[in-house]
Amino acid sequence: MAAQTTASPSTGSSSAAAFWADADRHLVRYGGDFTREIIERAAGSFVFTADGRKILDFTSGQMSAILGHSHPEIVATVQRQVATLDHLYSGMLSGPVVDLARRLAGTLPGPLEKALLLTTGAESNEAAIRMAKLVTGKHEIVSFARSWHGMTQAAASATYSAGRKGYGPGAPGNFAIPVPNAYRPDFTTAEGTLDWRRQLDFAFDLIDAQSTGSLAACLVEPILSSGGIIEPPAGYFAALRAKCRERGMLLILDEAQTGLCRTGTWYAFERDGVVPDILTLSKTLGAGLPLAAVITTAEIEQEAYERGFLFFTTHVADPLVAAVGNTVLDVLTDDKLDERARSLGAFLRDGLEDIASRHEVVGDIRGRGLLAGLELVVDRETKRSSDELGARVTRRCLQLGLHMNIVQLPGMGGVFRIAPPLTATEDELALGLSILDEAIGDACAALESR
Ligand SMILES: Cc1ncc(COP(=O)(O)O)c(C=O)c1O
């Protein structure tokens, strides 16, 4: 038998070597390489490494921890709930579940009043797609060509930004429509700006040509996050909904990242005056814990029920995470974190504009509230991109104490996704901005000196 190594990361470099030897030997690499830091604990807007470094978390973990890490009220809820009622037979109900369903309905416009409480974002989209197929009796699903809806079969079949190659066929009847990207418009007006109406009409001409007459639903993010923080223009979702209505399709909005105050309103769709037929929530709902929801109208739920809707999972309607969801709603409401996301978002935006004014390589700043995007280009005129520049800035940020996530997709510059916790302070945002500023400067200088 091979000799065992055990690592206690808090002690010295030899144990760090053992940690990485164990990690390299025993962990599956599920998404490229791991960040080469050993994280020992996290609190508020920071994560702390075993070698004593403090790193500002501008991704809120995996875009989830909107209340920062280990928020005291979440800690108290988990401790209390796990000690009283943790998990149940999936057909049994408890107070936290019914409370959360009722309270979520209270944050949403009228027809959205029935909730299914699940665990992950992929699972919520999987359930939403199953529901849409069942109630329409159809199976074709339309989503954005830069979408990310999750790693399970139906969600992955509707995901186009990554992960399609090498796994055999996706679900039959999945179609992509182009993303209305104002910075890199493909359909343009005479003035050269994005002509999203023509783009959308053209997209649905192609969908109609390919469809076998079985269009069930359109599944989209109100702001594409993994697609590079792209915010479709005002009016787009109303037009998309009209396209759905004309074809008897349901509109499913995936607010995994945008829901629960991050963009400055409780839900991003509020800007558009469009209410989806089905809404999915995940990451932000559990604020770091695994909780997701599918929310729909009484009419759709009734139809699904009559047709025998089945989505029976081990952790459906689990009391522990439902209690966390209730506490997340308490904190968001009590601390008015929608307003805070708006004001901190404006502060962040000003800081990013300031950085753009000093670095030619910043091509675009976009996003809403505390979900911001910064696109790096080598040349503002041609908008040419450089993966190396993005990788250097990311690396330098981490050295200087800031964790940032970069999206690198073909035909785009590196896009930083900036999503600090809604509980972050202005000082923390200012610290992150100054590190980003320095890192961009250092990366450009290093590239020029070669
Ligand atoms: C918009 C969106 N939907 C769904 C998902 C999938 O969520 P999960 O990873 O919890 O399955 C993600 C994850 O990044 C996402 O960004």
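Atoms within each ligand, like the ligands themselves, are counted from 1 in listed order. Numbering starts at 1 and runs along the sequence shown. In what follows, every heavy atom counts, from backbone to side chain, and hydrogens, waters and symmetry copies are set aside.
Taking the six-membered ring for Trp and thresholds of 30 and 60 degrees, Tyr236 and Phe144 have ring planes inclined between 30 and 60 degrees apart. Below 30°, between 30° and 60°, or above 60°: for Phe46 and Phe48 the angle between ring planes is between 30° and 60°, a tilted geometry.
Annotation: Tyr30, atom OH; neighbour count of heavy atoms from other residues, nucleotides and ligands within 6.0 Å does not exceed 12. For CZ of Phe202, the number of neighbouring non-hydrogen atoms (other residues, nucleotides, ligands) closer than 6.0 Å is 12 at most.
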Check: every ligand 1 N/O to protein N/O pair under 3.5 Å:
| unit_1 | atom_1 | unit_2 | atom_2 | d |
| --- | --- | --- | --- | --- |
| ligand 1 | 3 (N) | Trp148 | O | 3.3 |
| ligand 1 | 3 (N) | Asp254 | OD1 | 3.4 |
| ligand 1 | 3 (N) | Asp254 | OD2 | 2.5 |
| ligand 1 | 10 (O) | Gly121 | N | 2.9 |
| ligand 1 | 11 (O) | Gly121 | N | 3.4 |
| ligand 1 | 11 (O) | Ala122 | N | 2.7 |
| ligand 1 | 14 (O) | Lys283 | NZ | 3.1 |
| ligand 1 | 16 (O) | Gln257 | NE2 | 2.9 |

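No side-chain donor from either of Thr258 and Glu221 sits under 3.5 Å from a side-chain acceptor of the other. Asp57 and Thr59 are linked by a side-chain donor-acceptor pair at a separation below 3.5 angstrom, with hydrogens and angles left out of the test.
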